[in-house]
Amino acid sequence: MNDLSRSLIAGVVLVGLAGSAYLWWQERQEHQEGQAAATAPLVAPNTRAVEAVAPEPAPVPLHHAIEEITPPLAEPLPPLTDDGSEVSDALVALLGREQVLSFVDASGFAQRVVATVDNLARGHAASRLWPVHPAPGRFQVVERDGATYIADDNRDRYKAFVRFASAVDTEAAVALYVRMYPLLQKAYEDLGYPGKYFNNRLIEVIDQLLATPELLKPVRLSLVEVKGPGETPSPWLRYEYADPALQARSAGQKILLRMGPGNAGELKAKLRQFRQRIASSGVTD
């Protein structure tokens with residue numbers, strides 16, 4: 001007899017024993033209840049008030065307080081008080097002037113960061129609001145067997161940015177984030193979230209990005225006609241994921257999917273490092 005047969009037989013025996021035990025217990029309960037009903041004195045209905053059962057309290061959303069970063073920063077600097085040259089200078093100090101000029105849009109930086117973070121978890125994140133420049137070149141596709149796929153060469157468009165982001169010193173980035181947080185919090189409330197905490201939203205969005213699946217097979221696309229202006233190199237064409245489940249994912253997850261698993265993996269590693277420093281709970285997988 002093979003292992004599968006033994007497992008099936010053992011399962012049938014266990015189910016049979018459990019069923020017999022349940023029937024025995026049920027009959028015994030009915031018998032005991034019948035005896036109790038026969039000997040118990042008659043009680044008029046509704047003579048005792050029924051105690052109200054308090055509903056279980058709703059779970060309190062986890063609050064990731066920026067003031068509780070652990071371990072604390074070694075040498076915290078004063079918070080940034082404006083969104084002008086002070087922010088630009090701080091970005092240059094962190095990233096280098098050439099890198100800022102190549103990859104970052106420092107104008108209205110706090111507003112750009114807040115709007116983009118919030119939009120990455122939604123269906124669309126307009127590139128005109130990004131705090132970084134879009135990847136150069138055109139979106140690359142390949143036709144194969146009558147179907148359209150994301151071309152392998154397309155991932156090369158993102159390599160320079162991935163190298164740039166991966167090389168950023170995480171500890172220094174956290175320090176700048178803390179300094180800039182008053183500006184980010186104000187921009188978040190001005191965006192339409194009074195009383196809400198931007199750090200909570202950032203961690204929520206990072207967790208969503210980290211949950212982006214890794215697709216090792218070619219990703220199939222479908223072509224959609226656009227009747228008005230669009231954000232694609234060809235103004236009248238737009239590609240969508242042929243798989244409805246992929247197309248339904250957030251803007252941030254779809255960006256990571258376009259980058260390819262290698263680039264996405266490197267960015268996820270950096271996001272995990274950053275999240276670990278700004279969150280009051282563990283890092284998600």
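Quick note: residue numbers are just sequence positions, from 1. Everything numeric here is computed off the predicted structure, so don't read it as measured data.
Legend: residues meeting side-chain contact (heavy atoms from CB on, under 4.5 Å) with Pro261, ordered by chain and number and at least two apart, are Leu216. Take Asp156 and apply the salt bridge (Lys or Arg N to Asp or Glu O under 4.0 Å) test, not counting sequence neighbours, and it matches Lys159. Partners of Thr170 according to the side-chain contact (heavy atoms from CB on, under 4.5 Å) rule, which considers only residues two or more places apart in sequence or in another chain, are Val174, Lys270, Gln273. Annotation: ring pair (Phe, Tyr, Trp, His ring centres under 6.0 Å) contacts of Tyr241 (sequence neighbours excluded): none. Annotation: ring pair (Phe, Tyr, Trp, His ring centres under 6.0 Å) contacts of Tyr149 (sequence neighbours excluded): none. Residues satisfying the ring pair (Phe, Tyr, Trp, His ring centres under 6.0 Å) criterion with Phe164, sequence neighbours excluded, are Phe103, Phe161. Shown here are the salt bridge (Lys or Arg N to Asp or Glu O under 4.0 Å) partners of Asp152, two or more places apart in sequence or in another chain: Arg155. Scored by the ring pair (Phe, Tyr, Trp, His ring centres under 6.0 Å) test, Tyr188 finds Tyr193, Phe198 as partners (sequence neighbours excluded). Looking at residues two or more places apart in sequence or on another chain, you find no salt bridge (Lys or Arg N to Asp or Glu O under 4.0 Å) involving Glu214. For Arg249, the salt bridge (Lys or Arg N to Asp or Glu O under 4.0 Å) test picks out no residue, with sequence neighbours left out.
For Glu266 and Arg163, the salt-bridge test fails: no basic side-chain N is under 4.0 Å from an acidic carboxylate O.
Pairs of residues two or more places apart, or lying in two chains, that qualify as ring pair (Phe, Tyr, Trp, His ring centres under 6.0 Å) and include a residue from residues 256-279 are Tyr177-Phe274. A salt bridge (charged side-chain N to carboxylate O under 4.0 Å, His left out) check over residues 188-201, counting only residues at least two apart or in different chains, returns the pairs Asp118-Arg201, Lys186-Asp190, Arg201-Glu204.
Residue Ile66 is tested with Leu202, Asn199, Leu184 for a side chain to side chain contact (heavy atoms under 4.5 Å, CB included); the sole match is Asn199.
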